[in-house]
Amino acid sequence: MKRTPPSAQIESGRLPTHVAMIMDGNGRWAAVRGKERLVGHRAGVDSVLRVVDWCREASIGYLTLYAFSTENWRRSAHEVSGLMRLMGLMLRTKVGLLRKRNVRLRVVGRRTDLSAALQRSIAAAERDTADGTGLQLILAISYGGRAEIAEAARRFACDVRDGKAEAEALSDDAFRRYLYAPDVPDPDLVIRTSGEFRLSNFLLWQCAYAELWVTPVLWPDFSKADLQAALAAYAARDRRMGGRRA
Ligand code: FPP
């Protein structure tokens with residue numbers, strides 16, 4: 001297999017506009033150190049902040065991070081509340097840093113599942129970074145691809161009922177407008193850490209033509225070289241999007 005060295009310069013036209021990441025392996029990272037899972041999640045937040053910087057340096061336009069899935073609610077109450085606390089803390093304490101870096105933060109997912117305090121922190125972080133014109137950082141919190149599609153279908157059905165939309169006129173593009181962040185381009189590249197080869201209900205609609213890249217590296221250990229390797233692999237892919245080879 002031909003390998004591109006991670007440090008290779010990638011032509012800007014071959015860079016993904018939108019990178020989405022499934023941040024897996026925090027629990028295992030903690031377990032190998034004999035620590036509790038939340039220690040891994042804390043290290044995971046540090047990794048998030050590093051990845052944001054590397055994506056800015058690489059001129060990536062959009063970075064979506066799968067922070068908490070609709071299925072993650074099944075974890076122990078201790079782990080769920082710890083994760084919620086960590087996300088709230090990050091939103092409250094890192095917003096200044098994101099602003100300074102011209103990052104616009106957005107959240108997708110079922111917000112009404114979250115505590116009122118966390119919903120307020122999200123709204124404040126979104127408001128305070130709304131004029132960021134650099135990287136768009138999209139956190140998927142209480143997010144599920146199926147839930148997003150079901151919610152979009154429900155809202156479309158209500159519009160039909162209220163005479164605001166026509167059932168027969170629904171196209172892919174018209175349906176997209178009912179998703180959480182319709183203006184965000186589809187992910188070009190999905191990176192998954194810790195070795196599992198699955199999408200786990202992440203951006204199911206949006207990932208129709210995404211390139212997938214999986215690394216055995218655990219999320220807290222994800223390095224700049226790993227990101228560069230993923231970007232180099234992406235640049236070498238032949239994206240036909242269902243068309244024929246040129
Ligand atoms: C998967 O690892 C990771 C999660 C379910 C949570 C990801 C959350 C963070 C990185 C921290 C919070 C994020 C933000 C944006 C503030 P796992 O626990 O499933 O690991 P395992 O498969 O090794 O058990």
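Please read all numbers here as calculations on a predicted model, not as lab measurements. Heavy atoms only: backbone and side chains are in, while hydrogens, waters and symmetry mates are out. For ligands, and for the atoms within them, numbers begin at 1 and follow the listed sequence.
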**Q** Looking only at protein heavy atoms, identify the closest one to atom 22 (O) of ligand 1 and say how far it is in Å.
**A**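 The protein heavy atom lying closest is Arg28 NH2, 2.7 Å.
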**Q** Under 3.5 Å, side chain of Arg111 to main-chain N/O of Val107, donor-acceptor pair present?
**A**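 Confirmed, Arg111 side chain pairs with Val107 backbone.
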**Q** I'd like to know if Arg177 and Asp159 make a salt bridge, using a cut-off of under 4.0 Å between side-chain N and carboxylate O.
**A**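 Between Asp159 and Arg177 there is no salt bridge, as every charged N stays at least 4.0 Å from the carboxylate O atoms.
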**Q** Mark up the atoms of ligand 1 that fall under 4.0 Å of a heavy atom belonging to Leu139, in ascending order.
**A**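 Counting from 1, the qualifying ligand atoms are 15 (C).
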**Q** So is Met87 polar-close to ligand 1, meaning N/O to N/O under 3.5 Å?
**A**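 In this structure, Met87 places no N or O atom under 3.5 Å from an N or O of ligand 1.
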**Q** When you look for heavy atoms under 4.0 Å from ligand 1, do you find them on the side chain of Asn72, its backbone, both, or neither?
**A**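 Just the side chain.
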**Q** Looking at Leu86, Leu63, Leu65, which hits side chain to side chain contact (heavy atoms under 4.5 Å, CB included) with Val48?
**A**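 Looking at Leu86, Leu63, Leu65, the match for Val48 under the side chain to side chain contact (heavy atoms under 4.5 Å, CB included) is Leu65.
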**Q** Would you tell me which option among Met23, Glu71, Arg37 has the nearest heavy-atom contact to atom 3 (C) of ligand 1?
**A**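 Nearest heavy atom to atom 3 (C) of ligand 1 lies in Met23.
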**Q** Any salt bridge (charged side-chain N to carboxylate O under 4.0 Å, His left out) involving residues 48-65? Give me the pairs, sequence neighbours left out, ordered by first then second residue.
**A**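 Residue pairs passing salt bridge (charged side-chain N to carboxylate O under 4.0 Å, His left out), neighbours aside: Asp53-Arg56, Asp53-Arg101, Glu57-Lys224.
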**Q** Would you say Asn201's side chain and Gly145's backbone share a donor-acceptor pair under 3.5 angstrom?
**A**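 Yes, because the side chain of Asn201 sits within donor-acceptor range (under 3.5 Å) of the backbone of Gly145.
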**Q** Please determine if Arg106 and Glu126 form a salt bridge, counting it only when a charged side-chain N lies under 4.0 Å from a carboxylate O.
**A**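 So Arg106 does not pair with Glu126 through a salt bridge.
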**Q** Less than 4.0 Å is my threshold; does some heavy atom of Gly25 fall inside it relative to ligand 1?
**A**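 A heavy atom of Gly25 does come that close to ligand 1.
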**Q** With atoms numbered from 1 as shown, which atoms in ligand 1 lie under 4.0 angstrom from a non-hydrogen atom of Gly27?
**A**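 Answer for ligand 1: 17 (P), 18 (O), 20 (O), 21 (P), 23 (O), 24 (O).
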**Q** Looking at Asp188 and Thr17, would you say the former's side chain and the latter's main chain have a donor-acceptor pair under 3.5 Å?
**A**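 Confirmed, Asp188 side chain pairs with Thr17 backbone.
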**Q** Going by side chain to side chain donor-acceptor pair (under 3.5 Å), name the residues that satisfy it together with Arg33, two or more places apart in sequence or in a different chain.
**A**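 Per chain and number, Arg33 pairs via side chain to side chain donor-acceptor pair (under 3.5 Å) with no residue.
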**Q** Name the closest protein heavy atom to atom 16 (C) of ligand 1, giving the residue it belongs to and the distance to 0.1 Å.
**A**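 Looking only at protein heavy atoms, the one closest to atom 16 (C) of ligand 1 is Met90 SD, 3.4 Å.
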**Q** When you compare ligand 1 with Asp24, is there at least one nitrogen or oxygen pair between them that comes in under 3.5 angstrom?
**A**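 Yes.
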**Q** Report the nearest protein non-hydrogen atom to atom 19 (O) of ligand 1: residue, atom name, distance rounded to 0.1 Å.
**A**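 That would be Arg75 NH2, 2.8 Å.
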**Q** Which residue holds the protein heavy atom closest to atom 12 (C) of ligand 1, what is that atom called, and what is the gap in Å?
**A**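 Looking only at protein heavy atoms, the one closest to atom 12 (C) of ligand 1 is Val45 CG2, 3.8 Å.
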**Q** Which protein non-hydrogen atom lies closest to atom 9 (C) of ligand 1, naming both residue and atom, and how far is it?
**A**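 In this structure, atom 9 (C) of ligand 1 has Asn26 ND2, 3.7 Å as its nearest protein heavy atom.
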**Q** Can you tell me the protein heavy atom closest to atom 13 (C) of ligand 1 and the distance?
**A**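 Nearest neighbour among protein heavy atoms for atom 13 (C) of ligand 1, to 0.1 Å: Ala67 CB, 4.0 Å.
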**Q** Residue-level breakdown please: for His41 versus ligand 1, do any non-hydrogen atoms fall below 4.0 Å on the side chain, on the backbone, on both, or on neither?
**A**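 Both backbone and side chain.
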**Q** Indicate whether the side chain of Glu79 and that of His41 have a donor and an acceptor atom separated by less than 3.5 Å.
**A**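 Side-chain D/A pair, Glu79 to His41: present.
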